[in-house]
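To start, the structure under review is shown below, and the notes come after it.
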Amino acid sequence: MNADGPPAAPDVQGMVAAEVERQVTALRQEMDAKIAEVRARTVDDAATIVVFSGDLDKAIAAFIMATGAAAAGLRTSMFFTFWGLCVLKKKGAASGPKGLLERAHALLSPASSLELGTSRMNYFGLGAVMLRKMMRDKQIVSLEELIGLARELDVKMIACTMSMDATGVAREELVDGLTYGGVATYMADAVRSRVTLFI
Amino acid sequence: MNADGPPAAPDVQGMVAAEVERQVTALRQEMDAKIAEVRARTVDDAATIVVFSGDLDKAIAAFIMATGAAAAGLRTSMFFTFWGLCVLKKKGAASGPKGLLERAHALLSPASSLELGTSRMNYFGLGAVMLRKMMRDKQIVSLEELIGLARELDVKMIACTMSMDATGVAREELVDGLTYGGVATYMADAVRSRVTLFI
Amino acid sequence: MNADGPPAAPDVQGMVAAEVERQVTALRQEMDAKIAEVRARTVDDAATIVVFSGDLDKAIAAFIMATGAAAAGLRTSMFFTFWGLCVLKKKGAASGPKGLLERAHALLSPASSLELGTSRMNYFGLGAVMLRKMMRDKQIVSLEELIGLARELDVKMIACTMSMDATGVAREELVDGLTYGGVATYMADAVRSRVTLFI
């Protein structure tokens with residue numbers, strides 16, 4: 001019978017194809033669910049840096065890390081909080097009305113990135129002058145150039161609104177192009193990041 | 001023959017189903033193994049923070065980060081080591097018998113979270129008073145409230161036993177509800193974490 | 001017909017096997033692509049530590065973290081930059097010709113790991129003496145022993161070439177067995193890491 005009939009009748013072929021598809025589709029769904037579960041446990045190509053410090057050397061390190069991460073193809077986000085907020089202060093910006101403590105804090109804090117001191121060997125500002133000169137002599141980009149480079153590389157800069165509130169710093173006192181947010185804004189980026197630093 | 005016979009005999013159907021299942025099962029096993037291999041390379045929804053610093057401002061930042069991570073749904077763990085151990089000291093706790101160096105260290109270290117100074121602009125404690133007042137004025141939670149909040153959010157607090165040993169600090173001198181462990185305890189949490197900070 | 005014929009003719013079996021394999025192979029390819037996409041979003045069993053600080057206590061913490069990570073089975077990499085470079089200075093190494101600023105910097109920086117001060121309570125070096133004595137008394141390994149342990153555990157130590165260039169430090173002034181590189185070298189390790197710390 002097989003000798004003179006077709007090797008397999010078309011309806012058998014159809015039945016086979018349908019049965020295979022049924023089982024293969026079920027397996028696809030099962031595997032897709034498992035892969036989705038694993039995917040939820042992965043990270044994006046992203047980096048986040050908390051800039052807590054208001055020291056010149058640490059600010060430079062933070063921007064070198066941020067621009068390095070962006071150059072490596074990571075979506076990069078910086079969260080400026082506590083003393084780190086000083087790095088974002090606009091030079092010579094008029095400050096809004098402040099209370100006594102807020103004025104004292106403003107007087108004692110660096111007025112812009114140009115007035116940051118170093119974390120050690122500062123000697124009342126001499127360390128910052130030396131560090132800036134050493135970097136200039138070796139044609140290494142300055143902090144202000146690094147900030148510009150970070151902008152060009154689309155590094156997201158978040159000003160911590162809680163720190164602004166606590167120290168009475170208004171948006172007008174900060175440089176342009178910032179994102180404003182709190183720890184929840186930072187954390188939403190951080191949980192998706194490959195690299196998370198606190199500087 | 002096909003016209004008057006069944007489209008496919010039941011035994012053919014059975015053979016087909018069995019063959020499909022055989023190959024599909026093999027593929028499922030192969031894929032499950034590959035997915036398990038990838039899953040081993042993922043992270044949990046977890047965060048770990050090393051609290052190395054004994055400065056008030058950094059301790060506040062650490063607890064803001066920790067409670068923020070916990071609020072974002074991350075299982076959060078803090079490892080208090082070196083100066084960070086001071087943050088966990090109980091106010092007015094009698095200390096055990098100590099050697100000369102241990103006593104000198106205890107005298108020179110903050111006796112509890114209430115005596116921490118700031119990392120800059122401390123002016124012999126004035127900075128801490130100012131920071132605490134500025135936060136209170138703006139209704140921002142204090143360090144002690146943040147510690148309480150961290151407890152409520154089930155943040156795990158690990159006291160570094162090596163630091164305790166080195167500085168002669170006994171368990172009785174630290175607040176309640178701590179986990180005790182060394183760098184291995186910390187690392188077991190850190191390797192599974194999305195966010196790893198050193199403060 | 002079925003009663004006296006074979007349950008399924010060999011050619012039907014062949015057709016079935018071929019059809020199943022066709023669809024199963026297609027599914028395998030589809031799933032392999034999806035798994036590869038997820039795998040690209042995972043991390044290696046690796047840790048990276050930026051050593052920015054030149055303080056004895058922070059250097060000790062960095063090496064405790066690094067050796068702890070390596071002991072936990074992580075491929076571990078340390079990136080020594082800014083003040084952290086001092087930790088790698090060879091004791092008593094003759095330095096190359098330096099400019100005025102470079103000489104001033106060298107004079108004011110610790111000349112080797114043995115001359116690092118502590119980040120707080122240093123009292124012109126007394127803090128470092130105390131910390132080293134407290135650790136010795138408790139049989140806790142010294143910084144130099146930790147560095148040796150890190151080497152034994154194959155911890156990769158990267159000296160930041162930009163920092164070397166900025167401060168005029170030559171390779172001859174640093175200990176042996178280092179890798180030399182910049183932020184891109186660090187970042188290549190960091191993006192694959194489970195744990196990323198900045199100390």
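Each chain gets a letter, A, B and so on, in the order its sequence line appears, and its residues count up from 1.
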Using a 4.5 Å cut-off on heavy atoms from C-beta on, say whether the side chain of A:Glu19 contacts that of B:Gln13.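 Contact flag for B:Gln13/A:Glu19 side chains = no.
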Counting only heavy atoms closer than 4.5 Å, note whether [X] contacts chain B via side chain, backbone, both or neither.
X: A:Ala190; value: both
X: A:Ala40; value: backbone
X: A:Val183; value: side chain
X: A:Glu102; value: both
X: A:Thr167; value: both

Close contacts, [range] versus chain B, judged by heavy atoms under 4.5 Å:
range: residues 67-90 of chain A; answer: A:Phe79, A:Phe82, A:Trp83
range: residues 53-65 of chain A; answer: A:Gly54, A:Asp55, A:Lys58
range: residues 192-199 of chain A; answer: A:Arg192, A:Ser193, A:Thr196, A:Leu197, A:Phe198

Could you give the distance from CG (A:Asp165) to CE (B:Met134), rounded to the nearest 0.5 Å?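 So the CG of A:Asp165 and the CE of B:Met134 are separated by 10.0 Å.
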Rounded to the nearest 0.5 Å, what's the gap from CE on B:Met31 to CD on A:Glu30? Could you check?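 Those atoms lie 12.0 Å apart.
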Proximal component of B:Gln23, with respect to chain A [non-hydrogen, under 4.5 Å]: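 When you check distances to chain A, no heavy atom of B:Gln23 falls under 4.5 Å.
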Report which part of B:Asp44 has an atom under 4.5 Å of a heavy atom belonging to chain A: side chain, backbone, both, or neither.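 Both parts, heavy atoms under 4.5 Å.
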Show, in sequence, the C-alpha distance, side-chain angles and deciding distance for B:Ile35 and A:Ile35, and conclude whether the side chain to side chain contact (heavy atoms under 4.5 Å, CB included) test is met. CA-CA 7 Å; B:Ile35 291 172; A:Ile35 291 172; 3.6 Å; yes
Residues from residues 144-156 of chain B approaching chain A under 4.5 Å (heavy atoms):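 When heavy atoms of chain A are the reference, residues 144-156 of chain B contributes no residue within the under-4.5 Å range.
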Check this for me: A:Lys138, atom NZ, are more than 12 non-hydrogen atoms of other residues, nucleotides or ligands nearer than 6.0 Å?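 Yes.
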Top of B:Met135, B:Arg39, B:Lys133, B:Lys34 for chain A proximity - count of heavy-atom pairs under 4.5 angstrom: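 Going by pairs under 4.5 Å, I would pick B:Arg39.
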